[in-house]
Amino acid sequence: MTARRISVCVANYNGGELLVRCLQSVLSQEAVAEVEVIVHDDASIDDSLSRLAAFPDVRVIPGSENVGYCVANNRMLEMATGDYALLLNNDAWLEPGALNVLLHHAESHPPSILTLAQLDAATGELLDCGMGLDALCTPFPHRERVTREVATVIGACLWLPRELWHDLGGFPAWFESIGEDLYLCQSARLLGVRVVALADAAYRHVSGHSFGGGKLQQGRMVSSFRRRFLSERNRLYVMCLTYPALPLLLLLPLAVLSLLLEGLLLSLWRRDLEPLRRIYLPALAGLVRERSRVCPLRRDLQRRRTLGAGAFLRSLRWLPYKLQMLAQRGLPRLR
């Protein structure tokens, strides 16, 4: 195998001890490649920067203000020198051999976006091995640990050639956080790039730590208003940017209607209008407000795409994942 260089990029905000474990898991990899580690600290108010002093070989970008996950990764990838980049959450850590599994697949296959099996940090339970996508652009987990092509992967552990990152333009800064991984994967798929989950290695993840919420507690999904707003808004952005014209014409009205109904249902259940006021109406308004950014980027992506509308539609699951979650978990708890 030709000698390669891997850039592991860790966006950190108040990671504390989890950041230390993340970095230790990277630096202990017996990789058959040179590994550089870059950490962007997003103006943490804990002891993250002092903890980083114990890792003199890690390149640190100290932020003077909180800029969010997208900008943090864009900055790190501008500094990165590797042939490949691994975006790794500060609350995630690699199991032994992970970098070699990623590198071997990358070197023996066409350029792809890759991830590993995601395990719960505490229990080791399989959370997903890549993600599917329903017609309304909601990801759902593949629960079988099998190497396969998938619709999207979680940004907590996302590998790609650095050249592909620059070709795609990185993350749109105006996404702020959440959904940027979905955007990157769908943009890559439009250009004929495969997205693959590898079952031969894994990473552990403290789900929901980085942004609050997004995890199960006592059988129910718990989330925050802020997280839910960004998730719903950015999901609409991804639809408008990446769906071919015919699927978008058919499915965007359904997505808007489903969001309004979901907001009304949550508001009635809570007996207040906070979900509508803080999540669903601002998400829809954001799509209108950012149209000057969405429209030019959409034109560029659609001009370059090689994936046909039929193939795109065949990759989607038609049963909305939110209906499945509603039946299994009930309405989410917001805080």
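What you see is a predicted model, and the numbers here were worked out from it, not measured in a lab.
- Note: the hydrophobic cluster containing Leu114 also contains Leu94 (ILVMFWY, side chain heavy atoms under 4.5 Å, direct or indirect links).
- Without hydrogens or angle criteria, Asn14 side chain to Ser44 main chain gives no donor-acceptor distance under 3.5 Å.
- A donor-acceptor contact shorter than 3.5 Å is absent between the side chain of Asp128 and the backbone of Met131.
- For the pair Asp91 (side chain) and His205 (backbone), a donor-acceptor distance under 3.5 Å is absent.
- What you find for Leu182 and Thr152 is that their closest heavy atoms are CA-OG1, 3.6 Å.
- Contact record, Ser177 with Glu180: C-OE1, 3.3 Å, taken as the closest heavy-atom pair.
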Asn100/Gln29 under side-chain contact (heavy atoms from CB on, under 4.5 Å): CA gap, chis, key distance, verdict: CA-CA 8 Å; Asn100 282 341; Gln29 296 282 310; over 6 Å; no
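- Among all heavy-atom pairs drawn from Arg189 and Leu307, the shortest one is O-CB, 3.7 Å.
- Remark: Leu102 CG to Tyr203 OH distance equals 11.0 Å, nearest 0.5 Å.
- Under the 4.5 Å side-chain contact rule for hydrophobic residues, Tyr84 and Val32 share a cluster.
- Each of Leu99, Val35, Leu158, Thr115 was compared with Leu86 under the side-chain contact (heavy atoms from CB on, under 4.5 Å) criterion, and only Leu99 meets it.
- A chain of hydrophobic side-chain contacts below 4.5 Å, direct or via other Ile, Leu, Val, Met, Phe, Trp or Tyr residues, connects Leu246 to Leu313.
- Using a cutoff of 4.0 Å between basic side-chain nitrogens and carboxylate oxygens, Glu78 and Arg75 are not scored as salt-bridged.
- You'll find the side chain of Arg233 stays beyond 4.5 Å of the side chain of Leu287, heavy atoms only.
- Val37 places a side-chain heavy atom less than 4.5 Å from the side chain of Val58.
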Please test Val206 against Asn89 for side-chain contact (heavy atoms from CB on, under 4.5 Å), starting from the C-alpha separation and ending with a verdict. CA-CA 9 Å; Val206 183; Asn89 269 23; over 6 Å; no
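- Side chain of Ser231 to backbone of Arg227: no donor-acceptor contact under 3.5 angstrom is found.
- Side-chain contact check for Phe55 versus Val20: some heavy-atom pair is nearer than 4.5 Å.
- Environment of CD in Gln324: crowded, with over 12 heavy atoms of neighbouring residues, nucleotides or ligands closer than 6.0 Å.
- When hydrophobic residues (I, L, V, M, F, W, Y) are linked wherever their side-chain heavy atoms come within less than 4.5 Å, the members clustered with Met76 are Ile38, Ile61, Met79.
- Judged purely by atom type and a 3.5 angstrom limit, Asp134 uses its side chain to pair as donor or acceptor with the backbone of Tyr321.
- Annotation: side chain of Leu190 is in contact with side chain of Gln302 (closest heavy-atom distance under 4.5 Å).
- Using the six-membered ring where Trp is involved, His142 and Phe140 have ring planes that are perpendicular, over 60° apart on the 30 and 60° scheme.
- Among all heavy-atom pairs drawn from Gly82 and Ser7, the shortest one is N-OG, 2.8 Å.
- Side-chain contact, Ser25 with Arg204: no donor N or O sits under 3.5 Å from an acceptor N or O.
- In this structure, CG in Leu257 is found 11.0 Å from CG in Leu252, a value given to the nearest 0.5 Å.
- A heavy-atom distance below 4.5 Å is not found between the side chains of Asn90 and Val39.
- Proximity of Pro275 to Tyr280: side-chain heavy atoms (C-beta onward) are separated by under 4.5 Å at one or more points.
- One finds the CZ atom of Arg278 at 9.0 Å from the CG atom of Leu334 (value rounded to the nearest 0.5 Å).
- Interatomic distance, CD1 of Ile154 versus CD of Gln118, reported as 6.0 Å (0.5 Å rounding).
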Verify side-chain contact (heavy atoms from CB on, under 4.5 Å) between Leu133 and Gln186, making sure each step is shown before the conclusion. CA-CA 10 Å; Leu133 197 65; Gln186 297 318 296; 3.8 Å; yes
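- Side-chain atoms of Pro141 and Leu127, non-hydrogen and from C-beta on, never get closer than 4.5 Å to each other.
- The side-chain contact (heavy atoms from CB on, under 4.5 Å) test with Tyr13 singles out one residue from Asp46, Asp41, Ile45, and that residue is Ile45.
- Ion pairing of Glu274 with Arg228 is absent here, as no side-chain N (NZ or NE/NH1/NH2) approaches a carboxylate O to less than 4.0 Å.
- Considering only heavy atoms from C-beta on, Ile178 stays 4.5 Å or farther from Tyr69 through its side chain.
- At least one donor-acceptor pair closer than 3.5 Å links the side chain of Asn234 to the backbone N or O of Phe175.
- Considering all non-hydrogen atoms of both residues, Ala117 and Leu126 come closest at CB-CD1, 3.9 Å.
- Between the side chain of Ser112 and the backbone N or O of Pro110, at least one donor-acceptor pair lies under 3.5 Å.
- Judged by distance alone, the side chains of Arg21 and Gln24 never bring a donor and an acceptor atom under 3.5 Å apart.
- Ring pair Phe171/Tyr183: centre-to-centre distance not below 6.0 Å.
- In the hydrophobic clustering of ILVMFWY residues, with side-chain heavy atoms under 4.5 Å counting as a link, Leu251 and Leu323 come out apart.
- Atom-to-atom distance recorded for Arg333:CZ and Arg270:CZ is 11.0 Å, nearest 0.5 angstrom.
- Of all heavy-atom pairs between Ile279 and Phe229, the closest is O-CD1, 3.6 Å.
- If you chain together hydrophobic residues whose side chains sit under 4.5 Å apart, Leu326 and Trp318 fall into the same group.
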Taking it one step at a time, do Leu136 and Arg235 satisfy side-chain contact (heavy atoms from CB on, under 4.5 Å)? CA-CA 9 Å; Leu136 301 183; Arg235 186 167 59 89; 4.0 Å; yes
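- Rounding to the nearest 0.5 Å gives a distance of 5.5 Å between SG of Cys240 and CG of Leu248.
- Using the six-membered ring where Trp is involved, Trp174 and Tyr237 have ring planes that are perpendicular, over 60° apart on the 30 and 60° scheme.
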